[in-house]
Protein chains: 2
Amino acid sequence: MKRVSLDMIAKEVKLSKTTVSMVLNGKGDLHKINPDTQTLILSVAKRLKFRPNMIARNLSTGSSMTLALIVPRMIDTYYGLIAESMEQILSKLGYQVLLGTTHEDPVKEKELLLTFEAQQVDGILIASTQHNLEDIKAISDAGLPIVLFDRHYPEADLPYVVVDNYLGAQKLVRHLIEAGRKNIGYIGLNLDLTAIKDRQIGFENAIEDHVKDQHNLKIVDHKNAKSDCRQAVEELILDQGVDGIVFETHYLALFGIAKIREMDVDYPNAVSIVSFGDHEVFSIFRPEVTALVQPVEKIAQNSIDMLMKQIENKLNSTSKLHEVVEPSMEVRST
Amino acid sequence: MKRVSLDMIAKEVKLSKTTVSMVLNGKGDLHKINPDTQTLILSVAKRLKFRPNMIARNLSTGSSMTLALIVPRMIDTYYGLIAESMEQILSKLGYQVLLGTTHEDPVKEKELLLTFEAQQVDGILIASTQHNLEDIKAISDAGLPIVLFDRHYPEADLPYVVVDNYLGAQKLVRHLIEAGRKNIGYIGLNLDLTAIKDRQIGFENAIEDHVKDQHNLKIVDHKNAKSDCRQAVEELILDQGVDGIVFETHYLALFGIAKIREMDVDYPNAVSIVSFGDHEVFSIFRPEVTALVQPVEKIAQNSIDMLMKQIENKLNSTSKLHEVVEPSMEVRST
DNA sequence: TTGAAAGCGCTACCAA
DNA sequence: TTGGTAGCGCTTTCAA
């Protein structure tokens, strides 16, 4: 149960902790330690199954080689993908990742932020609830590197990587219009997020640009997304007579499709749909669902690059820490 | 940038680190510290925005209040759910969770195990590749609490929580048989996992029990799951003439359904299907897909309970550290 | 009721 | 080429 420490190895080889430490950290040659001494130390360390106590090292160096990843939830396949992507990249860089989920609760987010800060993480990657500017700003001001991804605070000068939500919504509408749809509806969430608002504005403007006076915009409660969305679909189709619907997120699309199938409508001929955000099943559904795909790997990679720049303090004046990536259409059958 | 430390607070209030430490850890009354002194310390700590350095505390106490969660991958919604469940429970218990994904690679798993051990985690929750008994045993023997979930090593006496895969497969077959299916096929993976083997044996036995001589068992390469599965579906239906298929995992079912829909078969009348493992879209598909659901929350909760028992050293002789939970059928339209 | 001081295990500066 | 030693910031025993 007692772990082997640097000290024990030092005693074993009758050398100082210093020497052992240097060798075990690969700095043997750097400090011109005798090759024989080095091999000796290495072999003893292996024989004794030495595992350095990272906590001690971290306390000493002030760096923990650990980053925090905060997302709203993991069941959302989008964030699952993000998490997976990021974990892979970071693990290659030698970093650990601490996971936190907020469930859109600013209080939980604040707690996570504080705990991670106390935990001495080297940086934070966060898809924020967007209701914690103060805490995030404080953390950033305290010198803890942070990158906001997916959701950001447009009013603050914090590093971020987001997709172009406005453009994305426009692309979706354009697809429907080009497919000959005349009366397009939209179903979105009542979340107070820039990303969400941009999508809604993108939709409204796209509609106004092409087909005047069509404001079939339905906002549903994110806590009752399923039932509210089903009702919105019904109203849009039955009352408004839409022939196309833009869903603001992949899961709204999922709920909506289920409802449409239960209704007596000729889907997708009478009513076509498109989704902001792809889902693994969209290409399995019949008809296959057309979606706007968010470049997950790019978002993950760029967010991490941006964080690393901060950590390595390579922020020369030219490096911009704001990035908007363009989503692309995956045109399928709807 | 310089963080406030215990020392600074001590100086500020002109008391010792000891006193400050006790008060800030809620042990003020326990040590009979003057109430006035306590309120003073608390207010100063708040004013100075004191955040204890957990690394230092951890080094001192030997506990990190951090647990490691290792899963094969996060894009699998099953593990996404597990991760989410566990993170929620653990966060309430005051633990952090370090995430690691193996992608079924024993080498990566070994690395993760070693890193997490060095990182001084207080415990490990792992859905193993099942090719690392040695390392896992070593870690467990070293006194680091560990719980295997979802996948375990039947030959070793390590704590685990798994579902009854054998029974699950039997339930699936039984459902198909009761629905009048006579010629049932099975599509599984070539993974060397007990869970997988149990499902296959469960299938074979269930078939033998009810309908003799039907061994339409196809094993596909997990690295080419999609294309192999599609081919298996084709062979099963065209060559073997099956009228029912059991899919070993939810994603095999997803691939299979896509293929079936592209084929000229009367689905689900001519061929019905069932899936081992549920998926959010199974109730959205038309027809809705019948699946065996694994009790995620129970698995998460029980695994954590089991880990906590070890951490708190409450292992009296009566507490068994092996648990097999029963999966339940979600009968839908197929 | 409060404080001094010895660690926890490692790193890194300064000497030798 | 190698070692002594002073921290890193906190906890905790023993004293006062």
Side-chain angles (χ1 to χ4, degrees), chain A residues 1-42 44-45 48-66 115 117-122, chain B residues 1-42 44-45 48-66 115 117-122:
Chain A
M1 183 64 232
K2 190 75 196 94
R3 302 175 46 117
V4 264
S5 68
L6 259 194
D7 238 3
M8 300 169 74
I9 297 197
K11 294 227 171 75
E12 186 79 13
V13 298
K14 300 199 193 313
L15 285 169
S16 75
K17 282 200 301 184
T18 311
T19 312
V20 176
S21 168
M22 294 195 285
V23 172
L24 260 25
N25 283 317
K27 295 181 185 162
D29 292 337
L30 188 69
H31 291 271
K32 304 188 184 157
I33 307 289
N34 193 312
D36 293 345
T37 317
Q38 294 202 37
T39 42
L40 173 65
I41 292 177
L42 257 12
V44 170
L48 263 37
K49 293 197 210 301
F50 170 70
R51 311 246 74 237
N53 182 328
M54 300 304 279
I55 300 266
R57 169 182 293 173
N58 294 344
L59 179 59
S60 187
T61 60
S63 142
S64 65
M65 287 308 278
T66 298
T115 329
E117 188 192 9
Q119 202 80 13
Q120 310 290 94
V121 297
D122 290 345
Chain B
M1 182 64 230
K2 190 74 197 98
R3 301 174 46 114
V4 260
S5 68
L6 260 194
D7 239 3
M8 301 168 73
I9 297 197
K11 293 224 171 78
E12 185 80 15
V13 299
K14 298 196 195 311
L15 286 168
S16 74
K17 280 200 302 184
T18 312
T19 311
V20 176
S21 167
M22 289 170 170
V23 172
L24 259 26
N25 284 316
K27 295 181 186 162
D29 291 339
L30 188 69
H31 291 272
K32 304 188 182 154
I33 308 288
N34 192 314
D36 293 345
T37 317
Q38 294 202 37
T39 41
L40 172 64
I41 292 177
L42 257 12
V44 170
L48 263 38
K49 293 199 209 302
F50 171 69
R51 310 249 73 232
N53 181 328
M54 300 305 278
I55 300 263
R57 168 182 291 174
N58 295 344
L59 180 60
S60 188
T61 59
S63 142
S64 65
M65 288 308 278
T66 298
T115 329
E117 189 192 8
Q119 201 81 14
Q120 312 289 93
V121 297
D122 290 346

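In what follows, every chain begins at residue 1, and chains take the letters A, B, ... in the order their sequences are listed.
Counting heavy atoms from C-beta outward, A:Asp29 and A:Gln38 have side chains that approach closer than 4.5 Å. At least one side-chain heavy atom of A:Asp122 sits less than 4.5 Å from a side-chain heavy atom of A:Met65. By the 4.5 Å heavy-atom criterion applied to side chains, A:Val44 and A:Phe50 are not counted as neighbours. In this structure the side chain of B:Arg57 reaches within 4.5 angstrom of the side chain of B:Met54, judged on heavy atoms. You'll find the side chain of B:Ile33 reaches within 4.5 Å of the side chain of B:Thr19, heavy atoms only.
Going from atom CG of A:Leu24 over to atom P of C:dG9 covers 16 Å, rounded to whole Å. Across the protein-nucleic acid pair, A:Ile9 atom CD1 and C:dG9 atom C1' stand 12 Å apart, rounded to whole Å. Distance, A:Lys17 NZ to D:dG7 P: 14 Å, rounded to whole Å. In this structure, B:Asn25 atom CG and D:dC10 atom P are separated by 10 Å, rounded to whole Å. With rounding to whole Å, B:Leu40 atom CG is found 15 Å from C:dT1 atom C1'. For the pair A:Leu6 CG and D:dG4 C1', the computed distance is 15 Å after rounding to whole Å. The nearest whole Å value for the distance from the CG atom in A:Asp7 to the P atom in C:dT11 is 12 Å. To the nearest angstrom, C1' of C:dC8 lies 15 Å from CE of A:Met8.
In this structure, of C:dT1, C:dT11, C:dT2, it is C:dT2 that holds the atom nearest to the side chain of B:Ile33. With distances taken from any side-chain atom of A:Thr18 to the nucleotides D:dT2, C:dC13, C:dT11, the minimum falls on C:dC13. When the nucleotides D:dT1, C:dT1, D:dT12 are ranked by their closest atom to the side chain of A:Asn34, D:dT1 comes out on top. With C:dG3, C:dT11, D:dT1 as the choices, the nucleotide that has an atom nearest any side-chain atom of A:Lys32 turns out to be D:dT1. Of the listed nucleotides (C:dA12, D:dT12, C:dC10), C:dA12 has the atom at the smallest distance from the side chain of A:Lys27.
Remark: B:Ser5 is not in phosphate contact with D:dG9, judged by side-chain N or O atoms under 4.0 Å from OP1 or OP2. OP1 or OP2 of C:dG3 sits under 4.0 Å from a side-chain N or O of B:Thr19.
Checking B:Asn58 against B:Ser64 by side-chain atom types alone, no donor-acceptor pair falls below 3.5 Å.
B:Ser21 pairs in a side chain to side chain contact (heavy atoms under 4.5 Å, CB included) with only one of the listed residues (B:Thr18, B:Leu24, B:Asn25), which is B:Asn25.
Note on B:Ser21: a base of the nucleic acid sits closer than 4.0 angstrom, heavy atoms only.
Within a heavy-atom distance below 4.0 Å of DNA chain C, the residues of residues 49-62 of chain A found are A:Phe50, A:Pro52, A:Asn53, A:Ala56, A:Arg57, A:Ser60, A:Thr61.
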